[in-house]
Amino acid sequence: MNILWRAVARNRWRLMAGCALIALHQGCEATVPILIGETVDRAVATGSLARLAEWVGLLGLLFLLLTTAYRTGARQLMRALADESHALRLEVAAKVLDPRAEVRTGDVLTISATDADHASYLLDYVPRIIGALVATAVSAVGLCLISVPLGLVVLAGTPVVLIALQRAAPLITRRVATRQEVAGRASSLATDLVTGLRPLRGIGAQEAADARYHSVSRESLRATLLAAGTQGGFQAASTTVSTLLACGIAIAAGWFALTGRISAGELITVIGLAAFLGEPFGTLSAAPSWVATARASADRISEVLSATPVAGDLSGPPVLPTSGECLGVVVETDPSELLLLYDDGSPDTLVAPHHPELFSGTIRENIVLSRQIGLDEVLDASAADDVVDAHPDGLDHAIAERGSALSGGQRQRLALARALLAMPRLLVLHDPTTAVDAVTEHAIARGIRDLRHSPGSTLGTLIVTTSPALLAVTDRVVVLRDGEIVATGTHASLVAVDPGYRAAVLR
């Protein structure tokens, strides 16, 4: 998947408008020294105030045009850049949220932030490069009208410089890609260590964890310095070459003026163009580094978006409950068999994962996302009312980031309450009670049953678990082994006749 070409294609109209307007701006910028030189020769040298007013008026109109072109073009390009960056983040997030995906947390952070920005910046680089080429061409034509040798220096020297600098692009791409990859590993490790800080303290492994992070962090620093050094050296070389080229033009123009080959106004034009050419030369010489950075980031995004899932679609239809049914699923072998349970095509399906996520805010803000009807019943069914009652502020009790101050069982109960309150047509629960005690587990099992499967209910619930308490309240249990359904029945009947089932669920 070519991320850069796709970015250009889906933003083509704004990009085309932006390129045209930025090219117009740069062409007008290059025309300014030419117009000033003409003003000197045709108005100042003749001493005519009327002609001077005419030429100054032309300059004013030129500045109005170039300013308007830049403001309008930049607005179009910034909108395209922001939209593309946002779209890339959404695609990365969607890929990561795929239950089959295997992406490190640190990679998610760097790819969805830094890499998405760097790849989308191509929409800013393209018009800059086109504008620089237009400015260089207009300047070369202006110089040719004054002195053919001066114009030929620009026309011949620019491609030679760009081709020479382009040879460094692959090296920059590799080193930027390495920097981003190592930074992702460091971010991922930091996230893992912070999440598991309390267990690490419990087993006295802080020093080992610190040493591991120190090693990865130093590796990330070395990769960053190496990439920065490469880009810095490239920028220094390109700036030096561009400056020398502009200086050469100015020196040659001074010699031509001293020997009477060009007029005072033409000298002013050449000096002005030589000074102005520093900007497009700098842009063109830096372009390989920009594109290399965008390409490295695009490659990392493409790697995530085109990654093969850990397991493909398994044969057979999805295991789903019928209307009003509470279905239990026991997976005896490969956990990837859980892929059968996800019905991505239905907007009325809610999957509550095994590891719940809580967010900074209050208990109420973590549970009540869109509706508050039935909150008391949901808190009771999930046994989350005990968590609320344990704090003086109740539902307004503040939760730290990721719920770090709560126990595993408290986090599970709050996440379950949130899922139950949404009242989806189909609710998929994956081991929702592994961190609670047996008494609470039985209360939750009965609460889920009573809340979602009262007489006449059309809601479906699918519980992936090996908990006897939860399986006992289901209408039917399906047993998966090696991607195939090997048994089905009630919990009581399977316990009675299936030794493998008994070994999997009875504790």
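Being a predicted model, the structure only gives us computed values, none of them experimental. Note: hydrogens, waters and symmetry copies are ignored here, and every other heavy atom, side chains too, is used. Along the sequence shown, residues are numbered consecutively beginning with 1.
Between Asp115 and Arg89 no salt bridge is recorded (no basic side-chain N to carboxylate O distance below 4.0 Å).
Across every non-hydrogen atom of Leu4 and Ala294, the tightest pair is CD2-O, 3.9 Å. Considering all non-hydrogen atoms of both residues, Ala119 and Ile301 come closest at CB-CD1, 4.0 Å. Of all non-hydrogen atoms in Pro424 and Leu427, the two that sit nearest each other are CG-CB, 3.9 Å. The shortest non-hydrogen separation linking Gly27 to Val138 is O-CG1, 4.1 Å. Between Leu77 and Leu123 the shortest heavy-atom distance is CD2-O, 3.6 Å. Shown here for Gln26 and Gly131, the closest heavy-atom pair between the two residues is CB-O, 3.2 Å.
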| said: Determine whether Leu52 and Thr39 satisfy the following criterion, side chain to side chain contact (heavy atoms under 4.5 Å, CB included), listing intermediate values before the conclusion. | reply: CA-CA 7 Å; Leu52 179 61; Thr39 302; 3.9 Å; yes
| Could you go step by step and tell me if Ile399 and Gln410 meet the side chain to side chain contact (heavy atoms under 4.5 Å, CB included) rule? | CA-CA 11 Å; Ile399 295 179; Gln410 289 175 323; over 6 Å; no
| task | Let me see the working for Trp55 and Val40 under side chain to side chain contact (heavy atoms under 4.5 Å, CB included), right down to the final yes or no. | result | CA-CA 9 Å; Trp55 284 99; Val40 170; over 6 Å; no
| Arg222 vs Arg218, side chain to side chain contact (heavy atoms under 4.5 Å, CB included): CA-CA, chis, key distance, verdict | CA-CA 6 Å; Arg222 286 193 295 270; Arg218 295 296 298 179; 3.8 Å; yes
| Which is it for Asp117 and Ser85 under the side-chain hydrogen bond (donor to acceptor under 3.5 Å, both in side chains) test, yes or no, and what are the steps along the way? | CA-CA 6 Å; Asp117 285 341; Ser85 180; 2.8 Å; yes
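Atom OG1 of residue Thr31 and atom CG of residue Leu59 lie 10.5 Å apart, to the nearest 0.5 angstrom. Interatomic distance, Ser120 OG to Ile3 CD1, rounded to the nearest 0.5 Å: 11.5 Å. Once rounded to the nearest 0.5 Å, the distance linking CG of Leu406 with CD of Gln412 reads 12.0 Å. With values rounded to the nearest 0.5 angstrom, Leu459 atom CG is found 5.0 Å from Met423 atom CE. Taken from CZ in Arg411 to CG in Leu416, the straight-line distance is 14.5 Å, to the nearest 0.5 Å. Between the CG atom in Leu62 and the CG atom in Leu35 there is a gap of 6.0 Å [rounded to 0.5 Å].
Residues Asn366 and Leu414 form no side-chain contact, since every pair of their non-hydrogen atoms from C-beta on lies 4.5 Å or further apart. Inter-residue side-chain proximity for Trp290 and Arg128 is flagged as met; some heavy-atom pair is nearer than 4.5 Å. Considering only heavy atoms from C-beta on, Thr362 stays 4.5 Å or farther from His397 through its side chain. Residues Asp299 and Arg295 form a side-chain contact, since some pair of their non-hydrogen atoms from C-beta on lies under 4.5 Å apart. For the pair Tyr70/Leu24, no side-chain contact is recorded, criterion being any heavy-atom separation below 4.5 Å from C-beta on. Looking only at side-chain heavy atoms (C-beta outward), Leu122 and Val126 come within less than 4.5 Å of each other. Proximity of Leu58 to Glu54: side-chain heavy atoms (C-beta onward) are nowhere separated by under 4.5 Å. Taking 4.5 Å as the limit, some side-chain heavy atom of Arg71 sits within range of a side-chain heavy atom of Thr67.
Within a 6.0 Å sphere centred on OH of Tyr125, heavy atoms belonging to other residues, nucleotides or ligands number more than 12.
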List the atom pairs, with distances to 0.1 Å, where a side-chain N or O of residues 269-284 and a protein N or O form a donor-acceptor pair under 3.5 Å, not counting sequence neighbours.
from: Thr269; atom 1: OG1; to: Pro33; atom 2: O; distance (Å): 3.2
from: Thr269; atom 1: OG1; to: Gly265; atom 2: O; distance (Å): 3.1
from: Thr283; atom 1: OG1; to: Glu279; atom 2: O; distance (Å): 3.1

Anything under 3.5 Å between a donor and an acceptor, one on a side chain of residues 9-22, the other on a protein residue two or more places apart or in another chain? List them.
from: Arg10; atom 1: NE; to: Glu84; atom 2: OE1; distance (Å): 2.8
from: Arg10; atom 1: NE; to: Glu84; atom 2: OE2; distance (Å): 3.4
from: Arg10; atom 1: NH1; to: Glu91; atom 2: OE2; distance (Å): 2.9
from: Arg10; atom 1: NH2; to: Glu84; atom 2: OE2; distance (Å): 2.9
from: Arg10; atom 1: NH2; to: Glu91; atom 2: OE2; distance (Å): 3.0
from: Asn11; atom 1: ND2; to: Ala7; atom 2: O; distance (Å): 2.9
from: Asn11; atom 1: ND2; to: Glu84; atom 2: OE1; distance (Å): 2.9
from: Arg12; atom 1: NH1; to: Ala9; atom 2: O; distance (Å): 2.6
from: Arg14; atom 1: NH1; to: Asp83; atom 2: OD2; distance (Å): 3.2

